Enquirer: 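Dumping the structure here so I can ask a few things about it.
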Amino acid sequence: MAIEEKLAELCIILPEVAAPVGSYVPVRLTGNLAFVSGMLPTAGGQVKQTGHVGEGVTTQEAYVLARICAINGLAALKRAIGTLDRVKGIAMVQGFVQTTSDYAEAPKVINGASDLLVALFGDAGRHARFAVGVASLPMNAPVEVAFIAEIMP
Amino acid sequence: MAIEEKLAELCIILPEVAAPVGSYVPVRLTGNLAFVSGMLPTAGGQVKQTGHVGEGVTTQEAYVLARICAINGLAALKRAIGTLDRVKGIAMVQGFVQTTSDYAEAPKVINGASDLLVALFGDAGRHARFAVGVASLPMNAPVEVAFIAEIMP
Amino acid sequence: MAIEEKLAELCIILPEVAAPVGSYVPVRLTGNLAFVSGMLPTAGGQVKQTGHVGEGVTTQEAYVLARICAINGLAALKRAIGTLDRVKGIAMVQGFVQTTSDYAEAPKVINGASDLLVALFGDAGRHARFAVGVASLPMNAPVEVAFIAEIMP
């Protein structure tokens, strides 16, 4: 199934690509790799929810936010390469969760991004990953997700 | 010397590969690169020691834990590519240490992983690296180490 | 314009390459990629300023420190590949800011590195990026910047 159809089946509408919050670009292509910048759970330029996971933000809420990060990354990737059908697979997800120091469930949060990528791309979407809890994130966002995709020429 | 012999010489027995603590895979191959997921210092599914370095966990203890992370990553890499003799070199180590905010010795901790990779692969094991102190890690682990290896076709 | 001339125009003198603060190398080449290790804002082996951004260190001070990190990375890269004219572009910047938990401006800090790379390499310097706030950094440095460059054969 083409990825566009799969997106529709998953009821995902790719948003407008948010302007980067700094002097970088959302996606950089080099060889067969696409580096997708750290994406925040924004819609219309606003972070959908703010705060630290483990204090104000629950794991389940942050899971949903991580999914939004991944969708924002896919929107940026589509704009960069024309169509997501050119995605050969996802190589690596870099997941950052804004947490208190006693929080231990970052993987459950970043699963929000990973589950979506696997649902969309199937086995080709299975990726290596790190998930860590950081002191602070831009715009007080609970989650930031970057990833590296493998692209067909 | 073949890497398997070198492992024996270093008295390292590669463990069973732990199931990922989320919806990702331990190793993802793309082109000549192998992305190895963030590994925790686990044995038998349990983290060997928990807590923050600089408070409860010492730098020396965390050094040993970082070494275990690297060994777990090598076990996963071997399973993915058949034999570690196919490793051409280590490109990058991504080291995360769970620390208090006044801790400044993350490099000494991540040396536990780096020293092992250099002992095993020699000059080919010399890698670029970052080492940072994060607020929290999965399972309250003191260390998480991901790395990128270069693989022979 | 050749990069060396551009450096002069920007009044940048590349420093001596600092010895790594651990058992790794400043730059690792693999295929067409150069992985540049996490660089600290050091001069002569000393971090120029210490402390957390949001408490003692201002965003503007940290911006300047991030620029120094990038310059240190470029010095290491030049030593590894002979001349910066071999840099085809910058693929990814990995930016870590040592922050309090309520700081939300990590992108403004890492812009210090990003702005320099774009000033130096032009459009080829436009890169993907993540910028996160971490609990602690080596040597109590306010910033650490790693990057991945694309190199001409």
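A note on names: the letters A, B, ... follow the listed sequences, proteins ahead of strands, and every chain is numbered from 1. Please read these numbers as outputs of a predicted model, since none were measured by experiment.
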Enquirer: Start with the C-alpha gap between C:Ile148 and A:Phe35, add the side-chain angles, then the distance that decides, and say whether side chain to side chain contact (heavy atoms under 4.5 Å, CB included) holds.
Expert: CA-CA 10 Å; C:Ile148 304 170; A:Phe35 291 88; 3.9 Å; yes
Enquirer: Show the nearest heavy-atom pair for residues C:His127 and A:Tyr24, with the distance to one decimal.
Expert: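 Closest heavy-atom pair between C:His127 and A:Tyr24: O-CB, 3.2 Å.
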Enquirer: Using heavy-atom distances under 4.5 Å, tell me whether C:Ser136 contacts chain A through its side chain, its backbone, both, or neither.
Expert: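 It is neither, since no heavy atom gets under 4.5 Å.
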Enquirer: For each of C:Ala135, C:Ala131, C:Gly54, tally heavy-atom pairs with chain A at distances under 4.5 Å, and name the one with the top tally.
Expert: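 Greatest number of close heavy-atom pairs with chain A: C:Ala131.
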Enquirer: Given the options C:Leu117, C:Ile90, C:Ile110, which has more heavy-atom pairs under 4.5 Å with chain A than any of the others?
Expert: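 The option with the most such pairs is C:Ile90.
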Enquirer: Under a 3.5 Å distance rule, please check whether A:Arg28 uses its side chain to pair with a backbone N or O of C:Arg126 as donor and acceptor.
Expert: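 Answer holds: yes.
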Enquirer: C:Ala128 and A:Ser37: which non-hydrogen atoms are nearest, and at how many Å?
Expert: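 Distance-wise, the nearest heavy atoms are CA-OG, 3.1 Å.
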Enquirer: Tell me whether the rings of C:Phe130 and A:Phe96 are parallel (<30°), tilted (30 to 60°) or perpendicular (>60°).
Expert: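 The arrangement is tilted - the two ring planes meet at 30° to 60°.
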Enquirer: Side chain, backbone, both or neither: which part of C:Gln94 has a heavy atom under 4.5 Å from chain A?
Expert: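 Just the side chain, heavy atoms under 4.5 Å.
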Enquirer: Using modelled atom types only, decide if a donor and an acceptor are shared between the side chain of C:Asn111 and the backbone of A:Ser23 within a distance under 3.5 Å.
Expert: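 Yes; judged by distance alone, with no hydrogens or angles, the pair exists.
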Enquirer: Could you check which of A:Pro138, A:Ser101, A:Ala146, A:Pro20 has the highest count of heavy-atom pairs closer than 4.5 Å to chain C?
Expert: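 When all of A:Pro138, A:Ser101, A:Ala146, A:Pro20 are compared, A:Pro138 has the most.
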Enquirer: Give a yes or no on this: more than 12 heavy atoms of other residues, nucleotides or ligands lie within 6.0 Å of atom CD of A:Glu16.
Expert: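 No, not enclosed.
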Enquirer: Measuring from atom NZ of C:Lys88 to atom OG1 of A:Thr30, what distance do you get when rounded to the nearest 0.5 angstrom?
Expert: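 The distance works out to 6.5 Å.
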Enquirer: Looking at chain C, which one of A:Val134, A:Val25, A:Val132 has the largest number of heavy-atom pairs inside 4.5 Å, strictly under?
Expert: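 Sorted descending by pairs with chain C, the first entry is A:Val25.
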